[in-house]
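Data block below; observations after.
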Amino acid sequence: MTEPDLHEVVNPATEEVITTVELAGLAETDAAVARARAAFDTWRRVAPADRARLLRAFAAAVDADREHLAALEVANAGHTIGNARWEAGNARDVIEYYAAAPERLFGRQIPVAGGIDVTFQEPIGVVGVIVPWNFPMPIAAWALAPALAAGNTVIVKPAELTPLTALRLGELALRAGIPEGVLQILPGRGPVVGQRFVTHPDVRKVVFTGSTRVGKEIMASCAAQVKPVTLELGGKSANIVFADADLAKAAATAPYAVFDNAGQDCCARSRILVEASVFEDFMALLEPAVRGVRVGDPADEKTEMGPLISAAHRARVSSYVPDGAAVAFRGSAPDGPGFWYPPTVLAPVRDDDPAFTEEIFGPVVTVVPFRDEQDALRIANATEYGLSGSIWTRDVGRALRVSRGVDAGNLSVNSHSSVRYTTPFGGFKQSGLGRELGPDALDAFTQTKNVFISTEE
Ligand code: NAP
Ligand code: MG
């Protein structure tokens, strides 16, 4: 027997150890894949109405456990209680939404000579889902719900730092009657468990959310088995504010579009682009909004921003704000234990400053002026990322032109919303590959089979 690989789960707001979780090694991963492979043979044959019923029961179990799930995420990830409740509700909604899919996975009947031609949306097999630490519940749910609905079996590898809500979702699925082996949660290290999803021939699809660096490695390695991948990667999204916008509203909301979840959000609008003629006015409105962000105990209902996930991550975030950096103004953060970092606004910044070009994944935003619409688009698109973005203007034509012009997958006009479970989510360029959520996410978890049936005598 080898020693168990134990991982201490830490509360990032207090630095206290909450619990210890055993990390799976290669042997455990292979055993989980074998269970998932065996379960696939029966799960894919469960009648559509029964698969739907089981998923609705799973959604109901998540619904009944929302306060508990939210409390786990507050403790494990430092998410504010308001956000954590939304995340648990989102996991429920996504599972319920895709519970409608088993009975609606239509194929097509295509006119041909000499017979009938029909298509089937077949499940792929065992799906390996690799989840990051920034939104443990929603990101797990966005993959596992459509994958299970389409008849696949699923193994989720949560991030080492944040396994607790994923483990709980696994328990709730079993309690709801989803058979053993259909959904497994396997805490472990990325280069061990995650990497094994890539190399194991019985894992037929990988869903990865995380850094662009690791995503590229996974995509390259999946080529060896022509294994399909869905990738949700990083971002450096633009919040473009035109002079004709409701400036007060744009400035009041801009901090929450980047500092929510302490900036640890792939959709964070971490570059604010402001039309030069209103730059000073905008900065004057932004300052009180940033200073007003309530940073502190994430369990407090009034708190708007919690800590960063770890000491190592805080060191990485801090490196973008060296001594002498152009800090225009910043908000507050608690002293004492916890991985705190204050909301920070950098201006002016050079266009080759790493704070302006690289994903910081923390509460740091850069603000730059632009001359006109073309200049705004040039700056917004001068990045290898293309995940989200916002456009603030009262001119409908400009709103549409700029929306079409920004190379990103999820844009909002006079709003900062990126995510609805009913609409597609995913990145352009190096922000990702494929789309999650919405009506078409099932395409990522099915393969089309064409069958011709001769009617010749
Ligand atoms: P990460 O290092 O890429 O890790 C993400 C996940 O991949 C973790 O579960 C990690 O395991 C695992 N992993 C690491 N190395 C691996 C390997 N060689 N093979 C297989 N799996 C491996 O990213 P992170 O630092 O946790 O998350 C922050 C990044 O994720 C940011 O860049 C952010 O933009 C991006 N992100 C994107 C989206 C989106 O939807 N587009 C959403 C959230 C986050 P460990 O826990 O063991 O490291
Ligand atoms: Mg990592």
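Remember, predicted model here, so these are calculated numbers, not experimental data. For ligands, and for the atoms within them, numbers begin at 1 and follow the listed sequence.
Close approach to Val131 involves these atoms of ligand 1, each under 4.0 Å from a residue heavy atom: 6 (C), 8 (C), 9 (O). Near Phe425, meaning under 4.0 Å from one of its heavy atoms, ligand 1 places the atoms 40 (O). Of all the atoms in ligand 1, the ones that sit under 4.0 Å from a non-hydrogen atom of Gly190 are 11 (O), 12 (C), 13 (N), 14 (C), 16 (C), 17 (C), 19 (N), 20 (C), 21 (N), 22 (C), 45 (P), 47 (O). Close approach of ligand 1 to Ile130 is summarised as follows: ligand atoms under 4.0 Å from at least one heavy atom of the residue are 6 (C), 7 (O), 9 (O), 12 (C), 20 (C), 21 (N). Applying the 4.0 Å criterion to heavy atoms of Arg189 picks out, from ligand 1, the atoms 47 (O). Proximity to Ile139 (heavy-atom distance under 4.0 Å) selects the following atoms of ligand 1: 42 (C), 43 (C). Each of the atoms 41 (N) of ligand 1 lies under 4.0 Å from some heavy atom of Leu387. In the vicinity of Cys266, heavy-atom distances shorter than 4.0 Å reach the ligand 1 atoms 34 (O), 36 (N), 37 (C), 38 (C), 39 (C), 40 (O), 41 (N), 42 (C), 43 (C).
Salt bridge status for Lys236 with Glu384: absent, with no side-chain N to carboxylate O gap under 4.0 Å. Salt-bridge annotation for Asp353 and Arg350: absent, with no side-chain N of the basic residue lying under 4.0 Å from a carboxylate O of the acidic one. Under the 4.0 Å criterion applied to side-chain N and carboxylate O atoms, Arg435 and Asp440 are not assigned as salt-bridge partners.
Side chain of Lys216 to main chain of Gln430: no donor-acceptor pair is present (N/O by atom type, distance under 3.5 Å, no hydrogens or angles).
A distance of 7.5 Å separates CZ of Arg168 from CG of Leu72, quoted to the nearest 0.5 Å. For the atom pair NE2 (His416) and CG (Asn239), the distance works out to 4.5 Å, reported to the nearest 0.5 Å.
Proximity of Leu233 to ligand 1, defined as any heavy-atom pair under 4.0 Å, is confined to the backbone N, CA, C and O atoms. At a 4.0 Å heavy-atom cut-off, ligand 1 touches Thr209 through backbone and side chain alike.
Looking at Pro158, Pro132, Ser211, it is Ser211 that brings a heavy atom closest to atom 29 (C) of ligand 1. Residue Val214 holds the heavy atom nearest to atom 15 (N) of ligand 1 of all those in Asn410, Ile309, Val214.
Close to ligand 1: Phe208, with a non-hydrogen atom less than 4.0 angstrom away. Within the 4.0 Å heavy-atom shell around ligand 1 one finds Trp133.
Residue Asp335 places its CG atom among 12 or fewer non-hydrogen atoms of other residues, nucleotides or ligands, all under 6.0 Å distant.
Backbone and side-chain nitrogen or oxygen atoms of Asn134 are examined, and none is located within less than 3.5 angstrom of a nitrogen or oxygen of ligand 1. Residue Glu160 has at least one nitrogen or oxygen atom sitting less than 3.5 Å from a nitrogen or oxygen atom of ligand 1, judged on distance alone. For Glu359, a nitrogen or oxygen atom sits less than 3.5 Å from a nitrogen or oxygen atom of ligand 1, counting backbone and side chain alike.
In this structure Arg330 satisfies the side-chain contact (heavy atoms from CB on, under 4.5 Å) test together with Val321, Val327, Tyr341, Pro342, Thr344, sequence neighbours excluded.
Checked against the 6.0 Å centroid threshold, Tyr320 and Phe361 do not count as a close aromatic pair.
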Fill in: Ser418/Arg269 under side-chain hydrogen bond (donor to acceptor under 3.5 Å, both in side chains): CA gap, chis, key distance, verdict
CA-CA 10 Å; Ser418 302; Arg269 275 67 166 172; 2.7 Å; yes
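Here side chain to side chain donor-acceptor pair (under 3.5 Å) pairs that include residues 289-310, with residues two or more places apart or in two chains, are Arg85-Glu301, Tyr256-Glu304, Glu287-Arg291.
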